[in-house]
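Below: one structure, written as structure tokens.
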Protein chains: 2
Amino acid sequence: MSQSQSSLSLHETVREEIRSRIAAGTYAPESPIPSTAMLSEEFGVSTITVKRALRDLQAAGAIVSTPGKGTYVKRQRRLLRQLDVKQPFLDEASIRPVSVTREKILDPTMASIEPPTHAMLCVRKTIWSDDAPLVYDTTYVSTDMGDQIVEEFAGHFVVDVLEKHGIHVVKTHIVIDAAPAAGMVEEIFGIPNGYPTLRRLYKMVTSDPNVTVYGVLQAPFDRLACKIDFDWTSGKNSALPRGRRRK
Amino acid sequence: MSQSQSSLSLHETVREEIRSRIAAGTYAPESPIPSTAMLSEEFGVSTITVKRALRDLQAAGAIVSTPGKGTYVKRQRRLLRQLDVKQPFLDEASIRPVSVTREKILDPTMASIEPPTHAMLCVRKTIWSDDAPLVYDTTYVSTDMGDQIVEEFAGHFVVDVLEKHGIHVVKTHIVIDAAPAAGMVEEIFGIPNGYPTLRRLYKMVTSDPNVTVYGVLQAPFDRLACKIDFDWTSGKNSALPRGRRRK
DNA sequence: GAGTGGTCTAGACCACCCT
DNA sequence: GGGTGGTCTAGACCACTCC
């Protein structure tokens, strides 16, 4: 076995060796890597040390372990999404409702978009792409709306539903950050606690002064990235992203 | 000890209990939490299980352990940064050069901004704020520039240096994603492997057709977030972020 | 020297999957 | 039933800090 670096601890050298094998294609995407017992024998370390290395690789999104089956190299497929559009997401994506409740916004991470303190309609759903969950969305809307509209929220993009009822988004405030996965997100994506996720907090002001939409989009880091372009030539410090963009 | 959930494994219940104590203020920011030995006794589990819980909390950015000293609750201080400005970063920040080399862009994560394949001037530096490293910046610039300009790159923002020499940024392409920390970033920020980071890949087209700037900004997730606002009223699908913004 | 966290080990049990 | 990964344990050694 070739040791890439000295002064690395055992589980680190094992981790990096496996990582480089994945990069080199020795362990191919979607196919299993040797069991902890075999790796333990090959590297001459205890199974616990191997498990530690594999756990770190899981946390970094390189592999996935399934109890009873084995450990597999993760296929990488990241979606690059333009930021400067009204729709929260894709047209081709399928939406699966999770829950519709009435809640106050308690998540401290939402503080940066200054949400109201009263209870609002809370719609949670997952958006799927390519037969895998892509983002987990939590949307908060003012409750004083018709009940039939509320029904539609669970299965469609909130913006689309509002638009259909003549309510237009006039301003969007977005905060993008990274955060370790916790709670619901772990279960939905099957990722371990602390797994890096990309988060998009949003606040949408609409043409109806009574209707403001708040929410969070959350996706595992290896599934989604955001993109935005600025053109500084068309005015002093103004941004005109990519001109027109009608579907 | 109160157990928040059943059907959680031991290290999970320990982890969540400690997490809630931090949230409640029982364990205050910047102050030490009990040692693994004490926690092990209190919870009635082995020290290894406690260590496992603490390691997960470290990976989530809640605590910091220093060998020989103890484990401390991390103070949270995140900087919210507007995206729609030319300068890569703050004015009040201090810059510490790391290295100036000549390299090809090899990082596969840069592929999304389509960098050139030839070798370029590569400037690495850290930007500090509030006596702590805030972001790690890697900038690539075309090499055909005066040597004295190259000298300035290490200690100043690239955009500022170019501007001083009459070269203006006309277009900016940005890709934002999250990624687990690896390599240099771990050392600089003192974070464990796999720690979630926020990344900003950029490509800047300048008024000089020979000069295009590529680069990556990388920051621990708990140090930085990005912000951007869109106003859809001023034209069909055009974005005019927050009007004027001169310092 | 006492206490700390980090690493590594051997060994055990479980739930799960597959044949 | 044999193999897998996940969990938990007891015990050891090290490097480090602080007194």
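Letters A, B, ... are given to chains in the order of the sequence lines, protein chains preceding strands, and every chain is numbered from 1.
Closest to the side chain of A:L10, from the set C:dT9, C:dT4, C:dG6, is C:dT9. For B:T71, the side-chain atoms get nearest to C:dG5 when compared with the rest of C:dG5, C:dC8, D:dT7.
From one end of the helix from C:dG1-D:dC18 to C:dC18-D:dG1 to the other, with five pairs defining each end axis, the axis direction shifts by 0° (rounded to 10°).
Shown here are the salt bridge (charged side-chain N to carboxylate O under 4.0 Å, His left out) partners of A:D130, two or more places apart in sequence or in another chain: A:R77. Every residue was checked against the salt bridge (charged side-chain N to carboxylate O under 4.0 Å, His left out) condition with A:K69, not counting sequence neighbours, and none meets it. Residues satisfying the salt bridge (charged side-chain N to carboxylate O under 4.0 Å, His left out) criterion with A:E30, sequence neighbours excluded, are A:R75. Under the salt bridge (charged side-chain N to carboxylate O under 4.0 Å, His left out) criterion, B:R19 pairs with B:E16, sequence neighbours left out.
Residue pairs that meet the salt bridge (charged side-chain N to carboxylate O under 4.0 Å, His left out) test with at least one member in residues 180-194 of chain A, sequence neighbours left out, do not exist here. Listed by first and then second residue, the salt bridge (charged side-chain N to carboxylate O under 4.0 Å, His left out) pairs that reach into residues 100-112 of chain B are B:E103-B:R124, sequence neighbours excluded. Applying the salt bridge (charged side-chain N to carboxylate O under 4.0 Å, His left out) test to every pair with at least one member in residues 58-67 of chain B, sequence neighbours left out, gives no pairs at all. For residues 53-65 of chain A, the set of pairs meeting the salt bridge (charged side-chain N to carboxylate O under 4.0 Å, His left out) definition, not counting sequence neighbours, comprises A:R52-A:D56, A:R55-B:D56, A:D56-B:R55.
With rounding to whole Å, A:I63 atom CD1 is found 9 Å from D:dG5 atom P. Atom pair B:R52:CZ and D:dC8:C1' shows a separation of 11 Å (rounding to whole Å applied).
Contacts with DNA chain C (heavy atom under 4.0 Å) in residues 22-35 of chain A: none are found. Within residues 186-196 of chain B, no residue has any heavy atom under 4.0 Å from DNA chain C.
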Quick one: what's the B/S/- string for nucleotides 10-19 of chain D, heavy-atom cutoff under 4.0 Å, read 5' to 3'?
-> BB----BBS-

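Ion pairing between a basic and an acidic side chain is recognised when a charged N comes within 4.0 Å of a carboxylate O; A:R199 and A:D177 show such pairing.
Projected onto DNA chain C by closest heavy-atom contact, B:M38 and A:V50 fall at different nucleotides, the more 5' of which corresponds to B:M38.
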